[in-house]
Amino acid sequence: MKVIDHLQRAKGTLLSFEILPPLKGKDIRSIYEGIDPLMDFKPSFINVTYHREEVVYQDMGQGLLRKIRLRKRPGTVGICAMIKAKYEVDTVPHLICGGFSREDTEDALIELNFLGIDNVLALRGDAIKSEPAFIPERDGHAHAEDLIRQISSLNKGKYLHDEEQEAAPTDLCIGAACYPEKHAEALNLSTDIAYLKRKVDAGAQYLVTQMFFDNARFFRFVELCRAEGIQVPIIPGLKPLTTLKHIAFIPKTFSIDLPDAFARELMKCTTDAQVKKVGVEWSIQQARELKAAGVPCLHFYTMGKSEAVRAIASQVF
Ligand SMILES: Cc1cc2nc3c(=O)[nH]c(=O)nc-3n(C[C@H](O)[C@H](O)[C@H](O)COP(=O)(O)OP(=O)(O)OC[C@H]3O[C@@H](n4cnc5c(N)ncnc54)[C@H](O)[C@@H]3O)c2cc1C
């Protein structure tokens with residue numbers, strides 16, 4: 001079933017979450033361990049991230065380094081198919097522009113269609129770590145908007161080349177990303193929202209936010225989107241901070257601010273256990289307020305660890 005149908009039929013706030021494919025070589029059981037504890041809360045859909053290849057240097061000895069491209073977390077589509085079969089829960093594979101030509105994208109969409117997957121989250125993806133800015137693939141898309149347009153065309157039966165006679169249309173529900181504190185590269189929040197409107201006009205049927213820790217920013221963002229004419233559902237994304245490492249990398253990596261009251265409590269923490277207590281409590285308050293405000297769904301970023309999300313969900317749902 002499509003995400004948009006889940007949202008339209010919902011009688012209250014839904015729960016969904018995002019998982020990452022395991023690191024290459026790790027067992028699929030780590031995925032079950034991430035999903036099983038959250039099944040009690042009847043997730044409406046589960047997102048599976050897509051990870052582009054990275055450039056790494058292999059030491060060949062004698063001072064020689066070999067440059068190789070390595071995809072550290074393959075398996076997005078396979079995991080989606082597994083979740084549908086094993087848990088009978090709808091899935092949302094993420095699809096990015098980076099590393100994909102338009103042909104590759106079309107092939108990937110055909111594969112999702114054949115697997116009976118009804119949803120896709122259309123993203124640009126970040127720049128490769130060794131490159132200063134995002135570089136699209138030759139004949140690939142530079143922005144999520146263009147990817148969304150390609151998916152929308154395929155939904156109308158328009159394939160890249162004309163030779164497909166009486167081509168069968170796909171029927172994928174398209175989601176897109178949005179940023180209540182603006183995307184890192186955007187000039188400001190209003191230009192970012194203007195581009196967001198273009199993604200919706202191109203065919204995005206709902207939006208999922210980047211993680212945020214200040215609900216006031218989310219509510220303001222939704223107001224600004226509505227004022228811009230963006231009418232699709234906007235799903236807030238929440239991430240409980242649970243380790244000292246999270247405090248060090250999350251604000252920088254995701255270009256987000258921590259509100260004063262939260263930051264002050266975190267600064268007192270000296271162990272992971274203390275961070276987890278403060279982080280989970282903060283997320284519970286955030287989730288309760290968002291639910292009371294009638295958000296369509298609460299989407300949790302698990303980053304492979306579901307214990308904290310379970311603790312939050314058990315207090316909120
Ligand atoms: C919910 C969510 C899930 C994610 N999942 C993944 C994942 O699985 N894999 C992964 O690699 N990354 C993922 N990301 C990260 C995402 O790929 C990065 O944030 C990326 O830098 C931007 O992606 P986007 O789809 O928002 O890009 P875009 O919408 O293309 O926007 C990127 C930047 O370009 C600007 N812009 C947008 N359209 C145009 C235009 N037409 N012309 C000029 N400028 C424009 C925007 O203002 C923004 O600054 C996710 C992010 C979120 C919020």
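First listed ligand is number 1; within each ligand, the first listed atom is number 1. What's counted below: heavy atoms across the whole structure, side chains too, no hydrogens, waters or symmetry copies. Heads up: numbering here begins at 1 and tracks the sequence.
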Should you measure from each heavy atom of [X], which atoms of ligand 1 turn up under 4.0 Å away?
X	value
Leu121	3 (C)
Asp192	46 (C), 47 (O), 48 (C), 49 (O)
Thr49	8 (O)
Gln210	53 (C)
Ala186	47 (O), 49 (O)

Protein contact of [atom] - nearest heavy atom, named by residue and atom, plus distance:
atom	result
atom 21 (O) of ligand 1	Asp126 OD1, 2.5 Å
atom 42 (N) of ligand 1	Tyr195 CE2, 3.3 Å
atom 12 (N) of ligand 1	Gly125 CA, 4.2 Å
atom 11 (O) of ligand 1	Tyr50 O, 3.6 Å
atom 5 (N) of ligand 1	His94 ND1, 3.0 Å
atom 27 (O) of ligand 1	Arg124 CB, 3.3 Å
atom 14 (N) of ligand 1	Leu123 CD2, 4.1 Å

- Item | Expected output: side-chain Thr13 to main-chain Val295 donor-acceptor under 3.5 Å | yes
- Message: Whether the side chain of Ser306 engages the backbone of Gly34 through a donor-acceptor N/O pair (distance < 3.5 Å, no angle test) should be reported.
- Response: yes
- Query: Can we say Glu223 and Arg220 salt-bridge, meaning some charged N sits less than 4.0 Å from an Asp/Glu carboxylate O?
  - Reply: yes
- Query: Do Asp146 and Arg102 sit within salt-bridge range, that is, some charged N less than 4.0 Å from a carboxylate O?
  - Reply: no
- Item | Near-ring test Phe317/Phe41, centroid separation under 6.0 angstrom | no
Would you check the N or O atoms of [X], main chain and side chain alike, for any that come under 3.5 Å of an N or O of ligand 1?
X	answer
Tyr301	no
Thr209	no
Ala144	yes

Any idea which part of [X] is under 4.0 Å from ligand 1, heavy-atom wise: side chain, backbone, both or neither?
X	value
Tyr179	side chain
Leu196	neither
His143	both
Glu145	side chain
His51	neither
Lys199	side chain

- Message: Ignoring hydrogens and geometry beyond distance, is a side-chain donor-acceptor pair present between Thr49 and His94 at under 3.5 Å?
- Response: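 No donor-acceptor contact under 3.5 Å links the two side chains.
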- Query: Any luck finding a side-chain donor-acceptor pair between Ser30 and Asp27 under 3.5 Å?
  - Reply: no
- Item | Test side chain to side chain contact (heavy atoms under 4.5 Å, CB included) applied to Phe249 and Phe254, step by step | CA-CA 8 Å; Phe249 87 84; Phe254 299 101; 4.3 Å; yes
- Would Leu123 end up clustered with Val3 when hydrophobic side chains under 4.5 Å apart are linked, directly or stepwise?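 Yes: a chain of side-chain contacts under 4.5 Å links Leu123 to Val3.
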- Message: Which residues end up grouped with Leu23 if you chain together Ile, Leu, Val, Met, Phe, Trp and Tyr wherever their side-chain heavy atoms are less than 4.5 Å apart?
- Response: none
- Item | Aromatic ring pairing Trp282/Phe262, orientation class (parallel under 30°, perpendicular over 60°, tilted between) |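 Geometry flag for Phe262 against Trp282: parallel rings.
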- Message: Tell me whether the rings of His6 and Phe45 are parallel (<30°), tilted (30 to 60°) or perpendicular (>60°).
- Response: tilted
- Message: Between Glu33 and Arg29, does the salt bridge (charged side-chain N to carboxylate O under 4.0 Å, His left out) criterion hold? Intermediate values first, please.
- Response: CA-CA 6 Å; Glu33 284 159 16; Arg29 270 176 297 192; 6.0 Å; no
- Only heavy atoms count here, so choose which of Arg73, Lys182, His183 is nearest to atom 22 (C) of ligand 1. His183
- Among Ala184, Ala204, Ala177, which one has a heavy atom closest to atom 53 (C) of ligand 1? Ala177
- Query: Out of Lys199, Arg198, Lys197, which one pairs with Glu145 under the side-chain hydrogen bond (donor to acceptor under 3.5 Å, both in side chains) rule?
  - Reply: Arg198
- Message: Tell me whether ligand 1 is touched by Arg198 - counting only heavy atoms on the residue side and a distance under 4.0 Å.
- Response: yes
